[in-house]
Amino acid sequence: MTEAVLRSESLGLLLWRRFLKHRLAIASAVLLILLAVASAAAPLIEAAMGTPSWETDLMNRLAPPSLAHPLGTDELGRDYFIRMLYGGRVSLFVALVAAVTAMLIGTLIGLLAGYYGGVLDALLMRLADSVIALPLLPLLIVLAAIDPTELGLPDALVRSEEFSIYRVAAIIGLVGWPRVARLVRGATLSMREREFVRAAEALGAGAGRIMAVHILPNVLSPVIVATTLSVGGIILFESVLSFLGLGVQPPVASWGNMLTGAQELIWDAPMLVVWPGLLIFVTVIAFNFLGDGLNDALDPRAIER
Amino acid sequence: MTRFLTQRLFESVLLLAVMSFVVYGLIGLMPGDPIDILVMSNPELTDEDARRLKALLRLDEPIHARYLAWAGQALTGDFGYSRVHGQPVLTVLGPHLVRTLWLMGIAFVLAVAIAIPVGIIAALRPYSLTDYAVNFFTFAGISIPPFWLALLLIMLFSVQLEWLPAGGVPFRADAGWLDHARHLVLPVLTLTVLSVAGFTRYMRSDMMEALRQDYIRTAWAKGLPQHRVVLNHALRNALIPLVTVIALDFGTLFSGALITETMFAYPGMGKLIYDAIMGNDYNLALVGLLFATLLILVGNLLADLAYGWLDPRISYR
């Protein structure tokens with residue numbers, strides 16, 4: 001008994017131990033790291049295999065798996081495996097940018113609502129509730145269908161190949177903030193009344209400084225959990241939009257737009273329908289397990305198992 | 001009660017009004033207005049004709065003026081015409097709305113009917129093998145790409161087994177209910193799988209929370225049988241938070257319906273809105289989106305009322 005009392009540990013170590021107990025979360029983290037590394041190394045793997053991802057080969061359409069093409073080729077004769085890796089780069093990049101955008105907007109709105117309270121809080125939270133309750137997908141489709149040049153964006157930028165990547169990331173980020181905002185607001189409300197915040201106020205610290213220096217570090221763990229949990233949903237939204245032809249535009253590959261023509265492939269090459277979807281599924285479920293594990297590790301109320 | 005209802009109704013109307021303005025503005029930013037499309041498809045139109053037509057349709061006015069004119073007409077019940085269908089928007093919407101209500105309604109009822117018992121079973125034995133299995137399947141359900149699930153179901157049931165049609169609705173007008181039902185199986189299955197996972201997770205956690213309460217210990221202590229404790233005491237209280245989260249999920253349900261309808265060529269509201277946006281039928285897209293939002297707001301309002309019915313302690317004063 002005394003031994004247990006004497007053995008004190010740092011908070012970080014304690015959290016790390018709790019996280020390690022969540023085996024699924026660990027497995028998910030390892031899997032996601034592997035996926036990210038493989039995607040990042042796509043150009044190297046491409047060079048090593050000698051099958052450029054953009055090179056079409058119409059004599060070799062929908063080829064079955066072989067040594068040269070481990071997963072076969074697509075309807076234009078391009079190597080499917082390499083395209084999936086490049087698709088992973090795009091899908092993971094979009095997820096990261098959109099999640100961070102949503103996190104920044106959500107944290108700012110949550111801090112403002114929780115700290116100032118009153119009318120501002122009521123307005124912002126009604127706005128958040130509305131965005132959560134709305135039929136998001138049709139709205140995202142409307143957002144994705146608008147002509148960016150009408151917003152005053154330069155033509156050259158809009159016509160560049162990568163533009164659709166940033167556009168879909170921005171659109172999803174813009175509507176993804178409410179859950180983070182609600183969590184941050186809740187945490188801010190309870191922090192606002194704590195003694196150290198009162199003390200800072202008494203010392204004459206401004207609202208901005210109190211929010212940034214005193215409250216923000218204390219609400220980071222719900223922010224991290226909510227952001228991790230949001231990545232899965234973001235990948236799904238990106239894949240749906242790209243699948244519908246409104247997200248990442250070909251010839252840039254994403255896991256979603258690789259399935260755009262899949263309804264015709266069902267008969268000729270069913271495995272080409274299976275692979276990208278399976279990768280999306282595995283990635284999303286891994287992010288969800290990871291978020292769940294982080295939640296258990298960081299939530300002081302979680303039951304010890 | 002009346003005051004609560006009035007406030008919620010006011011908020012809903014305000015939200016609809018804001019939505020209509022935002023969507024109207026966004027649609028104005030889409031490439032090509034109806035006359036541009038007309039000019040492209042008909043080389044005999046002169047610039048003068050185009051100008052005259054634009055003036056006729058008020059397309060030469062600034063966007064806020066156009067919005068006010070549109071809103072004024074909409075308030076009198078005149079939502080205008082669909083460009084592609086050549087019919088009043090409401091005439092086009094009607095049958096699509098009914099089909100979506102069928103699809104969403106059946107899937108919703110099935111999802112709730114599965115989620116409640118499964119959630120209870122998982123909550124009764126937390127961290128058991130059953131619970132882990134349920135947990136795994138719910139994670140799978142919220143992680144599966146909806147369009148991929150639809151593709152897999154089509155591959156299995158329509159291509160491999162040839163049991164069910166891959167999409168659409170009965171072609172013949174006099175098709176029997178069995179034919180209608182056969183066409184509904186795969187879309188309903190898809191939407192149910194998409195919804196049931198989230199509902200089960202909520203049910204499990206709400207039930208676990210309810211089972212931790214003191215009145216449950218009291219109920220056990222006075223010797224009530226398990227089914228009384230679980231169903232009469234815990235379930236009733238677990239349903240209260242469940243209603244709120246499920247109501248917040250109506251928007252997600254509609255998004256799921258949009259993908260499901262598109263995948264199975266099921267002519268409902270979701271596919272109608274998607275096709276309208278892709279086909280530059282902006283008026284139809286706008287009104288369709290507003291009706292979808294209205295549908296969700298009505299669902300939320302009904303959930304609020306159910307909340308009060310489930311929990312008599314809440315008074316809506």
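Just so you know, these numbers use all the heavy atoms, side chains as well, and skip hydrogens, waters and symmetry mates. Chain letters run A, B, ... following the sequence lines, proteins first and then strands; every chain starts at 1.
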Which one wins on heavy-atom pair count under 4.5 Å against chain A: [options]?
| options | value |
| --- | --- |
| B:L295, B:V18, B:N300, B:T293 | B:T293 |
| B:F250, B:F254, B:Y274 | B:Y274 |
| B:A140, B:G256, B:A292 | B:A140 |

Taking all heavy atoms of B:G270 and all of B:L258, pick out the closest pair and write down the distance.
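Heavy-atom minimum between the residues: O-CG, 3.5 Å.
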
Heavy-atom pair of closest approach, residues B:P267 and B:H96
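In terms of heavy atoms, the two residues are closest at O-CD2, 3.2 Å.
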
Please rank [options] by heavy-atom pairs under 4.5 Å with chain B and give me the top one.
| options | value |
| --- | --- |
| A:L259, A:I280, A:V274, A:L136 | A:V274 |
| A:L140, A:L246, A:L278, A:L139 | A:L278 |
| A:L143, A:L244, A:L134 | A:L244 |

B:F264: what forms a ring-ring contact (aromatic ring centres under 6.0 Å, His included) with it, not counting sequence neighbours?
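Result, ring-ring contact (aromatic ring centres under 6.0 Å, His included) vs B:F264: none returned.
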
Contact part of [X] toward chain A, heavy-atom cut-off under 4.5 Å: side chain, backbone, both or neither?
| X | value |
| --- | --- |
| B:P146 | side chain |
| B:I273 | side chain |
| B:L26 | both |

How are the rings of B:Y24 and B:W70 set relative to one another: parallel (under 30°), tilted (30 to 60°) or perpendicular (over 60°)?
tilted

Parallel under 30°, tilted from 30 to 60°, perpendicular over 60°: which one fits the rings of A:F93 and A:Y166?
perpendicular

Does B:F21 have more than 12 heavy atoms from other residues, nucleotides or ligands lying within 6.0 Å of its CZ?
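Open: at most 12 neighbouring heavy atoms sit under 6.0 Å from CZ of B:F21.
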
Within the structure provided, determine whether A:E238 and A:S91 are in side-chain contact (heavy-atom separation under 4.5 Å).
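When only atoms from C-beta onward are counted, A:S91 and A:E238 do touch, with a gap below 4.5 Å.
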
Any side-chain heavy atom of A:F281 sitting closer than 4.5 Å to one from B:S143?
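A side-chain contact under 4.5 Å exists here.
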
Do B:R201's NZ or CZ and the ring of B:F139 fall within the cation-pi criteria of under 6.0 Å and 45°?
yes

Any residues in residues 148-158 of chain B near chain A, with a heavy-atom distance under 4.5 Å, and which are they?
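Listed by number: B:W148, B:L151, B:L152, B:I154, B:M155.
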
How long is the gap from NZ on B:K271 to CE on B:M278, to the nearest 0.5 Å?
11.0 Å

A:F287, part contacting chain B, at a heavy-atom distance under 4.5 Å
neither

Testing the 3.5 Å rule here: is there a donor-acceptor pair between the side chains of A:S254 and A:Y86?
no

